[in-house]
2 protein chains.
Amino acid sequence: MSIKQQRRGTGSATISDVARLAGFSPMTVSRVINGGGNVKESTRDAINAAIKELNYSPNPAARSLAGVEPIRIGLLYSNPSAAYLSEVLVGSLDRASRIDVQLVVARCEPPENYREAAEHLLERGVHGLILTSPLCDLQEVVDVVTEGDQPVVALAGGKPSDDLITINVDDFEAAHAMTKHLIGLGHRRIGFIIGSPIQAASGRRLEGYRAALAEAGIPADEKLIEQGHFTYRSGLAAADKLMDLAVPPTAVFASNDDMAAAVVAVAHRRGLDVPNDLTVCGFDDTAFASSIWPELTTIRQPIAEMARTAVDMLTDEILAHRAGKSLPREHRIAAFELIKRQSDAPPKNSR
Amino acid sequence: MSIKQQRRGTGSATISDVARLAGFSPMTVSRVINGGGNVKESTRDAINAAIKELNYSPNPAARSLAGVEPIRIGLLYSNPSAAYLSEVLVGSLDRASRIDVQLVVARCEPPENYREAAEHLLERGVHGLILTSPLCDLQEVVDVVTEGDQPVVALAGGKPSDDLITINVDDFEAAHAMTKHLIGLGHRRIGFIIGSPIQAASGRRLEGYRAALAEAGIPADEKLIEQGHFTYRSGLAAADKLMDLAVPPTAVFASNDDMAAAVVAVAHRRGLDVPNDLTVCGFDDTAFASSIWPELTTIRQPIAEMARTAVDMLTDEILAHRAGKSLPREHRIAAFELIKRQSDAPPKNSR
DNA sequence: TTGAAAGCGCTAACAC
DNA sequence: GTGTTAGCGCTTTCAA
């Protein structure tokens, strides 16, 4: 039933098919695809239409064989919260391999070697850089990587600026949503553990919490707010302080899962049941959140998806750069999700 | 100083270079590379020598352009312990993209849909399958995937057999090493939490523990051995039983990190310090191990590396299969590592 | 058992 | 602005 192709060929549309349909030469199609200059507006449109109609996409093998310089992207990470890092890797590796982009991964531990690490990557000829979480918040690191003219994207962190493409969830909105959820459950004394002060997201999460409280007409009580550092250990300390309060909170919202897990541990140590005696919520939905018991209600950032987006955006920038154009630095917002699990309940004395 | 290549070209050796050096045509070289039949022994040797001398390796882009059927590997996973899964993905994606192998990933949740999931992959035209951890231990799943004649590799799990290529650490040796480490610290009453009974590794770990005890002349006490299921929750229950013993253990060795983390939680809840009042060790070195406090002493399986190996072995098999040869099913052992962190110490009353 | 020719899909170089 | 030509490195087909 299947007609054998003349020789081989995958069956999908080629650049010549597009050229024929649009009434131009393959070369012109190639120019359009690669954002090359010097193509008449009308020609470009016709070709784009043909591309769409044929659902054409260039064959990467042919492309690389024809000698285009491959796109290389550097990924700089540090302090690997294993779960976060691997989501980043999964997402970016996946997309990179799909669109045939080389990914060079390097670890960098500021303050020691961030300069070297960045320079090392640049020497390896990367055309753009992805900066992962704690790194995008270190001004020195950002300064170093934005020195050259390669585009840089900050993944889940960093302040939107003219130097940086950023991809974030709306931390304010997310913390706001979680706090509102807690208020909806009936909580009035809601403890909050702030994240590491060096990360911009920490402040935004705190503001979201404050705003939700204010909107509900709940007076702010500064004693309910403790500083943490995104580590389990800092969560332990903060939780202890919170639970030692004369009137302890009925719920604690920690700025990440590690600290939330620590709150659960402290509660248990004190003979408190979670969630019946204390509601605990986290942020990030790392492996932690669903491995401990009870499983944590938390905010999920689509890290893998964001990493994919990062690769895409960076690739677009690099291509634009090669074609001599320049795109404005974009600041993308990804959708968060409130994941309700078993660590939250109405406060005990509510009715 | 650099002489511009005539037009482009990467500079590395091509099939023609090899052909010229060996004194044959590119075609014959191609045959040798692809394991094709009909090449004289002496010719083959000469060409192989030339390949080696030039350090030649075929250009995958050219290859795929020339229309060889791409190698497609299916990866079947379930019950994603996020950390484990992403290590698997990172390793396999990385290697697959490097050697230009397509990886098709599918989730499968037995007992519902393992048959469909496997068949779905096969329909997508995969030439071989990787089975990740809990799956390789389910006989029904193994039966289904080995029905056809595609090669299957079991990654970190499964019983070595004629149907399956397996890649494992030596669970017996690893558990043995950890137990010995604990004994070396001075512990005599060492609790053990067994992993899920459906996974073959659980039994091997238990045996390793037993053997080390026996070697040290420590009489086995069955009360110190509790059944778990690799979940945090089962670890909680097992730890409670262990700590309720008239003479509780001074150390607990859990068959994975999740359960070890649960032991730490129970200890803390009971006012016990880890490691000073109780030593706790895990297995796997997942994110958990280094996120909680104290960080867990544990056994590390080089999952990502093992995944890379899996892709390589499968690819070799598929290539051999295509060339009409058949390799014996290999059973590879990867090296584990005992990661010493802060959750172990000599027993209190030792001196 | 080996080789020659042609072509996979694309783009760089150079016309026009 | 657009087209022509040639060739990237490999494999298939077919002939010797």
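In the text below, chain A, chain B and the rest are named by the order of the sequence lines, each starting its count at 1. Below, all heavy atoms of this structure are taken into account, side chains as well, without hydrogens, waters or symmetry copies. Keep in mind the model is a prediction, meaning the values are calculated, not measured.
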Exercise. Taking only residues two or more places apart in sequence, or in another chain, which ones meet A/R308 in a side chain to side chain donor-acceptor pair (under 3.5 Å)?
Worked result: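 Side chain to side chain donor-acceptor pair (under 3.5 Å) check on A/R308 returns A/D94, A/E305.
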For this session: Only counting residues at least two apart or in another chain, list the ones meeting side chain to side chain donor-acceptor pair (under 3.5 Å) with A/T132.
Result: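 Not a single residue meets the side chain to side chain donor-acceptor pair (under 3.5 Å) criterion with A/T132.
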For this session: Could you tell me which residues satisfy salt bridge (charged side-chain N to carboxylate O under 4.0 Å, His left out) with A/R115, sequence neighbours excluded, listed by chain and number?
Result: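 Salt bridge (charged side-chain N to carboxylate O under 4.0 Å, His left out) list for A/R115, sorted by chain: A/E119, A/E147.
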For this session: Name all residues meeting the salt bridge (charged side-chain N to carboxylate O under 4.0 Å, His left out) criterion together with A/D137; count only those two or more places apart in sequence or in a different chain, and write none if there are none.
Result: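 Result, salt bridge (charged side-chain N to carboxylate O under 4.0 Å, His left out) vs A/D137: none returned.
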Heavy-atom closest pair, residues [X] and [Y]:
X      : Y      : result
A/P26  : A/A19  : N-CB, 3.5 Å
B/L131 : B/L135 : CG-CB, 4.1 Å
B/E317 : B/I165 : CG-CD1, 3.5 Å
B/A22  : B/A46  : CB-O, 4.1 Å

Exercise. Do the charged groups of A/R95 and A/D312 touch, with an N to O distance under 4.0 Å?
Worked result: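 Salt bridge flag = yes for A/D312 with A/R95.
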To the nearest angstrom, how far is [X] atom [atom1] from [N] atom [atom2]?
X     : N      : atom1 : atom2 : result
B/L65 : C/dT11 : CG    : C1'   : 12 Å
A/I33 : C/dG9  : CD1   : C1'   : 10 Å
A/E41 : D/dT2  : CD    : C1'   : 16 Å
B/D17 : D/dC10 : CG    : C1'   : 13 Å
A/L54 : C/dC10 : CG    : P     : 11 Å
A/N59 : C/dG7  : CG    : P     : 18 Å
A/I47 : C/dT11 : CD1   : P     : 12 Å

Exercise. Does B/T14 make a side-chain N or O approach to OP1 or OP2 of D/dG9 shorter than 4.0 Å?
Worked result: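 Negative; the distance criterion is not met.
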Exercise. Counting only side-chain N and O atoms of B/S30, is one of them less than 4.0 Å from OP1 or OP2 of D/dT11?
Worked result: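 For D/dT11, OP1 or OP2 has a side-chain N or O of B/S30 closer than 4.0 Å.
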Do any N or O atoms of the protein come closer than 3.5 Å to N or O atoms of nucleotides 1-4 of chain C, and which pairs are they?
| from | atom 1 | to | atom 2 | distance (Å) |
| --- | --- | --- | --- | --- |
| C/dT2 | OP1 | B/T43 | OG1 | 2.5 |
| C/dT2 | OP2 | B/K40 | N | 2.9 |
| C/dG3 | OP2 | B/S25 | N | 2.9 |
| C/dG3 | OP2 | B/S25 | OG | 3.1 |
| C/dG3 | OP2 | B/T28 | OG1 | 2.6 |
| C/dG3 | N7 | B/R31 | NH2 | 2.9 |

For this session: Work out how much the helix from C/dT1-D/dA16 to C/dC16-D/dG1 bends between its end axes, five pairs an end, to the nearest 10 degrees.
Result: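 Computed from the C1' atoms at both ends, the axes differ by 30°.
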Exercise. Mapping A/A62 and A/V68 onto DNA chain C by nearest heavy atom, which one lands closer to the 5' end?
Worked result: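 Taking each residue's closest nucleotide, the earlier one in sequence belongs to A/A62.
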